[in-house]
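Reading through the structure tokens given below for one structure.
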Amino acid sequence: MLLRVMLLALLLASAVAADKAVASVGLQGVWHQNLDRIFVEVAVDCVADRNVSITNDTFALSCTSPNGPAFLSFTLREQIIGTESSCVSAGGREVCSLLKEIPHQFDRLTRGANELTTVLVSEWTKWKQLEDHGLDAFDEYENADFPKWEMPEFIINTAENDLSIVDAEAPWCIKCMHIKKPFMELAKALKGQASLGFVDTRETHELRSVLQPECTHVCRVTVLKRGEPPRRVEFKNEPKEYLRTFSAYVGPLVTPLDTPNALKDLKKKNKVVVVGVGLDAAQAKRFAEAGREVRGHVRLASAADGATIGKTAVPKGPHLVALRRKDKPEIFPFPAEDRDLAKLLLAGSMPRVVTFSYDLTHNLEELGLPIARVWVEEGQLGLYEKVAEEFRGLLTFVHMPPAENKHLLVDYGLAQETPAFGISGTVLWDSAKYAFEGEHTHDNIAAFCKQVLARTHPVAVKSDPLPPPLELGSLGKIATRNLRQYLDGDSELLLILFKSWVKDWKGRNITLHQIARCAQPANVLVATIDVANNFLNQSEFPNAASPDTELEAFLYTGSGPDRTRHHYRGSWTRKDTLRFLKTHSPSIQKQWAAVVAESEKIAVEIKAAEEAARQARAAEQAKWDAFPKEELVADGGVIKQTMTQGTGEPPAAGAKVKAHYTGTLEKDGSEFDSSRSRGQPFEFTLGKSQVIKCWDTAFATMRVGERALLTCRSEYAYGPNGSPPRIPPDATLQFDVELVSYQGHDEL
């Protein structure tokens, strides 16, 4: 008690001294501010002995003036950056610019009693008016009469309580206002177990180094546990999360299992308990130090050598026993000094092989271990579980169910086949990746894991599976795996870099097939590479990663030291592309007549195909013209022609409708979408604007089994914007639709 009183007196005395503001008699000045800086101007002509000292929270100026000694010193109410602040002498004045630590409006310049109001006055003519959000981060606390701690209250609460939790910030920082109510709820939940309060950091300079306030969107509070250094802990705005996080600080860091019910009580309150069994003093110290790092994730306990934990007998010697709900106890030897014990404890909080989900990502990120990913079916994990046991605390093994995750194999340069295994440096998508290629045996996979951890295994390159060899006359595919083979080869090659989402890729793909045909007589290969699925060296292909680059091509001619590359980003018509090839390809130049002949042949084929399509559309239209047109809206914007009558009553608004459709442009009959080609009816809720107006109008008149042609003017379809890339602006659309079934809204 005596020590606490002495400490209180000392801190209070230092606080009073720090608040002292002094100025020489007759000294006058002004201050003003903008969002980033404070400006102090003092009317003094320093002729000698000038000294300026500016720290993060103090200001001091002294010199000899014609009128004698002059001085000014004060403690700032809020912090600045002293190293970025300075004063200059100018025309009989000292002009000082102080950089604020955090841009915001200071409501007062000095701390404490504000003794300088007659010396430094606000110069409103230079004051830049700052917008004030009008909010106070502490309003909710003050309205609820929640404990506010000044220096005395802080010292008393932290001295008398085993656990204190403090929300410390300035009231103008409103980024974390949303945690104030949950913080008060936490205080109720931990009543009698912890003391909670808030601190206005503008008034408690001496506590800043302890409380470490900040103003960011990641909200943290300061936890002060007796016998431990202060910790800044993130406050997540979910009751289960914040209760789990901060309840972990209640009671001892390591609970001795010295009563029959001790383990039962721990397991009841915690999802994961790790018991250190048979640890010596040095090991127990390591265990406790690691436990501080994983608090809130793992609860620690200790037991004597050779103890039985629950129903599990633990071998003699130092061991760790991980107890997880619904899992069998897991025993592993206490790790050597060179192993990261905190990561091993976190790893013990999860099964040896955990099934991937996006909810798991945050936990994996916190764990910070490389991720060993396993693409196999559920019943094939046995081999990998044995390897995972060997690498506990070094790698996190994650099961990737193939049905949902096979597409990720391309990031490892692996074919989309199982079983598959790879390691990523972290859980983040852009981390380095390593691919296992070989027979899946324990020894092979373990050796691969060791190589990755030792950084002796080469990094995998994102690549599509190895495609078939290129053939003349056909549009081929290249992947990163075989790219170098063609770029450094002897054959002339037109390589097209594309993204799978490129606008009108279907039409451009047809054009590229035609170009491949035209290039055949000249023995020029034509191929594409999907830059979304294949790694390309940025120094060689600088535009590949740009989202604005939809399609570009490179022509490779010559061989060996004479190999030359020509860049093409022109119009993707057959005519323009062939003109580019004629300019830069010696082989095309020699065989130009044959190239032109093939292009003309393609033109004849296109014309014949267009005529056949026109005739097919005419026949289709003639089929529909046999059925009467029914105008469903007064202006004729929605027309229905019924081919097959349905049965029953039409669906009402709110009904869940299943329908088949084929959509075409009225202008040329080109198809833009079809549920029939997918073999799956389209589902929507009628009358809820989930579909275009034409559909909501027409399906309200149809019966189950009815098939009809809908003609929809643009104002009842996609309007002046269209639906790129397949539906142009102001397009009239036609839909061949069939009402398959519906479920009435009263049944939903």
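No hydrogens, no waters, no symmetry mates; every other heavy atom, side chains included, goes into these values.
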List the steps, then state whether ring-ring contact (aromatic ring centres under 6.0 Å, His included) holds for Y718 with F672. CA-CA 13 Å; Y718 293 97; F672 56 80; 7.5 Å; no

Tell me which one of V524, L470, L555 satisfies side chain to side chain contact (heavy atoms under 4.5 Å, CB included) with L493.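 Answer after filtering V524, L470, L555: L470.
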
Of the non-hydrogen atoms in [X] and [Y], which two are nearest, and what is the gap between them?
X	Y	result
T732	T711	CG2-CG2, 4.0 Å
K640	E706	NZ-OE2, 3.0 Å
F397	R352	CB-O, 3.4 Å
H440	L383	O-CD2, 3.5 Å

Disulfide (SG to SG under 2.5 Å) with C694: which residues, sequence neighbours excluded?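 In terms of disulfide (SG to SG under 2.5 Å), with neighbours along the sequence ignored, C694 is linked to C712.
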
Would the distance check show the side chain of [X] and the main-chain N or O of [Y] forming a donor-acceptor pair, the cut-off being under 3.5 Å?
X	Y	result
R713	D635	yes
T642	Q645	no
E631	V638	no
D576	W572	no
S670	L665	no
S677	S674	yes
S474	G476	no
N444	E439	yes

Parallel, tilted or perpendicular: which fits the ring planes of [X] and [Y], with parallel below 30° and perpendicular above 60°?
X	Y	answer
H567	F554	parallel
F421	Y384	parallel
W695	F699	tilted

Say you draw a straight line from [atom1] of [X] to [atom2] of [Y]; how long is it, rounded to the nearest 0.5 Å?
X	Y	atom1	atom2	value
Q641	E630	CD	CD	10.5 Å
Y742	R703	OH	CZ	9.0 Å
L632	M702	CG	CE	10.0 Å
L733	I692	CG	CD1	6.0 Å
E378	T355	CD	OG1	5.0 Å

Does a side-chain heavy-atom distance below 4.5 Å link N509 with F498?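 No, side chains not in contact.
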
Quick one: are the ring centres of W375 and F436 less than 6.0 Å apart?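 No, the ring of W375 stays outside the 6.0 Å limit from the ring of F436, centre to centre.
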
Ring centroid separation for F448 and H457, is it under 6.0 angstrom?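 Centroid separation for F448 and H457: below 6.0 Å.
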
Under 4.0 Å between a Lys/Arg side-chain N and an Asp/Glu carboxylate O for E552 and K499?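 Not counted as a salt bridge, because no side-chain N and carboxylate O are separated by less than 4.0 Å.
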
Before accepting this row, confirm whether a basic side-chain N of the pair K462/D411 lies closer than 4.0 Å to the acidic partner's carboxylate O.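 D411 and K462: salt-bridged.
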
Heavy atoms of other groups near K623 NZ, more than 12 under 6.0 Å: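 Yes, NZ of K623 has more than 12 neighbouring heavy atoms, counting only those of other groups under 6.0 Å.
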
Exceeds 12 heavy-atom contacts within 6.0 angstrom, atom CD of E471: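 No, the 6.0 Å shell around CD holds no more than 12 heavy atoms from other groups.
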
Give the C-alpha distance, both sets of side-chain angles, the deciding distance and a yes or no for ring-ring contact (aromatic ring centres under 6.0 Å, His included) between F682 and H660. CA-CA 6 Å; F682 177 71; H660 267 307; over 10 Å; no

Might you work through the side chain to side chain contact (heavy atoms under 4.5 Å, CB included) test for I602 and R517, ending with a clear yes or no? CA-CA 9 Å; I602 290 172; R517 280 181 56 185; 3.6 Å; yes

